Amino acid sequence: MQFENDIKAVDALHQAYRDIKNEIGKVVIGQDEVIKSVIISIFSNGHCLLVGVPGLAKTLLVQTVANVMDLAFNRIQFTPDLMPSDIIGAEILGEDRTFKFMPGPVFSNIILADEVNRTPPKTQAALLEAMQEKAVTAAGIRHPLPNPFFVLATQNPIEQEGTYPLPEAQLDRFMFNVHLTYPEYADELQIVKNTTVNRETALKKVITAAQIQYFQKLVRNIPVTDNVIEYAVKLVSKTRPNTAMATAEVNQYVGWGAGPRASQFLVIGAKCHAAVSGKYSPDIEDVQAVAEPILRHRIVRNYRAEAEGLSVEQLIRNLY
């Protein structure tokens, strides 16, 4: 892809975002903020954790994103007996009596890790290593994953029996933690009308893997002023109890605050949010727009906050 300058390239990214959102909207009704977060995390080269009760179109959303973006898609249903080799692949003995590597389902552009908290830590770790390294190691040999590579994991918040919740250090690998809510009445009416008749929606492929990689590089090239970077870093610093910038509320209600990865994601997320909104440089409002899904899983409330019913989202909003 070639553009005269970065301004034209950002315009193209803005248009691509609108086209992708319109195509996804033909199938996934409502959930506009969720769709926006997923697209931003892809263009920011991050991963996304979706938390919501069953039946809110999490799987449909990921399949539709993969379809519209012309990317290879695999779904992995996590279960208590799933082994790391079921995800990354394994060495098998071939017909010529030599071992060869048989790639697992993780070798795809978009991975839907369904109910990632249903599988033991060693299997979760295999996926999280692939997310971080963009490669897997089998029998001592490193196998790079396709590019772009994006993991969208789901968690069911209402069933916690027999699950293995991801520890905070592993949650930190996800750029966004997006909460799905029940659809509005009008949206649900439209969903039921669309899904209870014989109707197939034809989707256009809006963008290719090569274009996504180009836009991922473009997002990092977007200029950002010092005051916006300082605001993002200060926002993260305020979440750390008993430090110089911590607020009185944080000292009272937070056990652990966000790490430096949160500051990095805030700046990249703000750049991408600005670009998809048609702006050429992010401002403080762009940082605030992505702050909640980035900080939500990086702040650990203490027992006092839980006893008083104070949510992480309220704590984050009080920091702006």
Side-chain angles (χ1 to χ4, degrees), residues 20 24 34-52 57-79 82-89 103-138 142-156 163-180 209 212-213 215-216 219 261-262 264-265 268-269 272 290 293-294 296-298:
I20 291 164
I24 294 170
V34 176
I35 293 168
K36 189 176 190 177
S37 295
V38 170
I39 298 171
I40 286 174
S41 57
I42 290 176
F43 286 134
S44 302
N45 205 8
H47 305 287
C48 207
L49 181 68
L50 286 183
V51 180
K58 296 188 289 289
T59 307
L60 178 66
L61 169 61
V62 189
Q63 284 176 325
T64 309
V65 167
N67 194 353
V68 170
M69 292 189 167
D70 199 15
L71 297 173
F73 165 77
N74 272 334
R75 177 179 179 222
I76 306 170
Q77 182 65 52
F78 280 74
T79 57
L82 200 73
M83 299 296 287
S85 58
D86 296 327
I87 294 174
I88 65 171
V106 79
F107 284 82
S108 195
N109 296 123
I110 291 190
I111 304 297
L112 173 60
D114 225 346
E115 295 196 282
V116 71
N117 56 331
R118 287 231 169 271
T119 204
K122 70 176 178 181
T123 309
Q124 291 173 351
L127 176 72
L128 291 153
E129 181 194 359
M131 286 165 55
Q132 186 70 15
E133 307 298 330
K134 304 285 172 86
V136 299
T137 306
R142 192 172 186 271
H143 303 274
L145 292 166
N147 201 359
F149 177 71
F150 173 68
V151 172
L152 206 148
T154 70
Q155 279 195 153
N156 181 344
T163 62
Y164 307 83
L166 288 169
E168 279 70 27
Q170 295 189 349
L171 282 173
D172 196 46
R173 310 250 173 117
F174 289 97
M175 179 176 183
F176 283 154
N177 179 341
V178 181
H179 282 195
L180 282 84
I212 291 168
Q213 287 171 261
F215 285 137
Q216 285 174 341
V219 165
R261 203 178 261 152
Q264 294 167 329
F265 280 144
I268 290 174
C272 193
V290 295
I294 287 174
R296 180 186 276 137
H297 53 303
R298 293 181 164 88

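Basis for what follows: all heavy atoms, side chains included, without hydrogens, waters or symmetry-related copies. This structure is a prediction, so every number in the text was calculated from the model and none was measured. Note that the numbering runs from 1 along the sequence shown for the chain.
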Item to complete: Return the minimal non-hydrogen interatomic distance between Met131 and Arg173, and the atom names on each side.
Response: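 For Met131 and Arg173, the tightest heavy-atom pair comes out as CE-CB, 4.0 Å.
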Worksheet entry | Val290 to Gly269 - nearest heavy-atom pair and separation |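 Between these two residues, the closest heavy atoms are CG1-O, 3.8 Å.
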Is there a donor-acceptor pair closer than 3.5 Å between any side-chain N or O of [X] and the backbone N or O of [Y]?
X: Asn74; Y: Ser108; result: no
X: Ser37; Y: Val178; result: no
X: Lys58; Y: Leu50; result: no
X: Thr154; Y: Glu115; result: yes

Discussion item. Counting only heavy atoms not in Lys122 (residues, nucleotides, ligands), do more than 12 fall under 6.0 Å from its NZ?
Written reply: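 Count not over threshold, so no.
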Practice prompt. Please test Phe174 against Leu152 for side-chain contact (heavy atoms from CB on, under 4.5 Å), starting from the C-alpha separation and ending with a verdict.
Written response: CA-CA 9 Å; Phe174 289 97; Leu152 206 148; over 6 Å; no
Side chains of [X] and [Y] in contact at under 4.5 Å (non-hydrogen atoms):
X: Ile42; Y: Pro148; answer: no
X: Phe150; Y: Val38; answer: yes
X: Phe215; Y: Cys272; answer: no
X: Pro293; Y: Asn177; answer: no
X: Met175; Y: Ser44; answer: yes
X: Leu145; Y: Phe107; answer: yes
X: Val51; Y: His179; answer: yes

Quick one: list whatever passes ring pair (Phe, Tyr, Trp, His ring centres under 6.0 Å) with [X], sequence neighbours left out.
X: Phe176; value: none
X: Phe73; value: none
X: His297; value: none

As an exercise, state the distance from [atom1] of [X] to [atom2] of [Y], rounded to the nearest 0.5 Å.
X: Ile87; Y: Thr119; atom1: CD1; atom2: OG1; value: 6.5 Å
X: Thr137; Y: Ile88; atom1: OG1; atom2: CD1; value: 7.5 Å
X: Leu171; Y: Gln155; atom1: CG; atom2: CD; value: 6.5 Å
X: Gln124; Y: Leu82; atom1: CD; atom2: CG; value: 10.5 Å

Item to complete: Start with the C-alpha gap between Ile212 and Asn109, add the side-chain angles, then the distance that decides, and say whether side-chain contact (heavy atoms from CB on, under 4.5 Å) holds.
Response: CA-CA 11 Å; Ile212 291 168; Asn109 296 123; over 6 Å; no
Fill in: With Asp172 via salt bridge (charged side-chain N to carboxylate O under 4.0 Å, His left out) - residues at least two apart
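Checked Asp172 against salt bridge (charged side-chain N to carboxylate O under 4.0 Å, His left out); matches are Arg261, Arg298.
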Discussion item. side-chain contact (heavy atoms from CB on, under 4.5 Å), that's the test. Do Asn117 and Phe78 meet it? Break it down for me.
Written reply: CA-CA 8 Å; Asn117 56 331; Phe78 280 74; over 6 Å; no
Item to complete: Please identify each residue that fulfils side chain to side chain contact (heavy atoms under 4.5 Å, CB included) with Asn147, with sequence neighbours left out.
Response: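 Applying side chain to side chain contact (heavy atoms under 4.5 Å, CB included) to Asn147 gives Gln213.
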Mind listing the side-chain donor-acceptor pairs of residues 62-72 below 3.5 Å, one per line with the distance, residues two or more places apart or on another chain?
residue, atom, partner, partner atom, Å
Thr64, OG1, Leu60, O, 2.6
Asn67, OD1, Lys205, NZ, 2.9

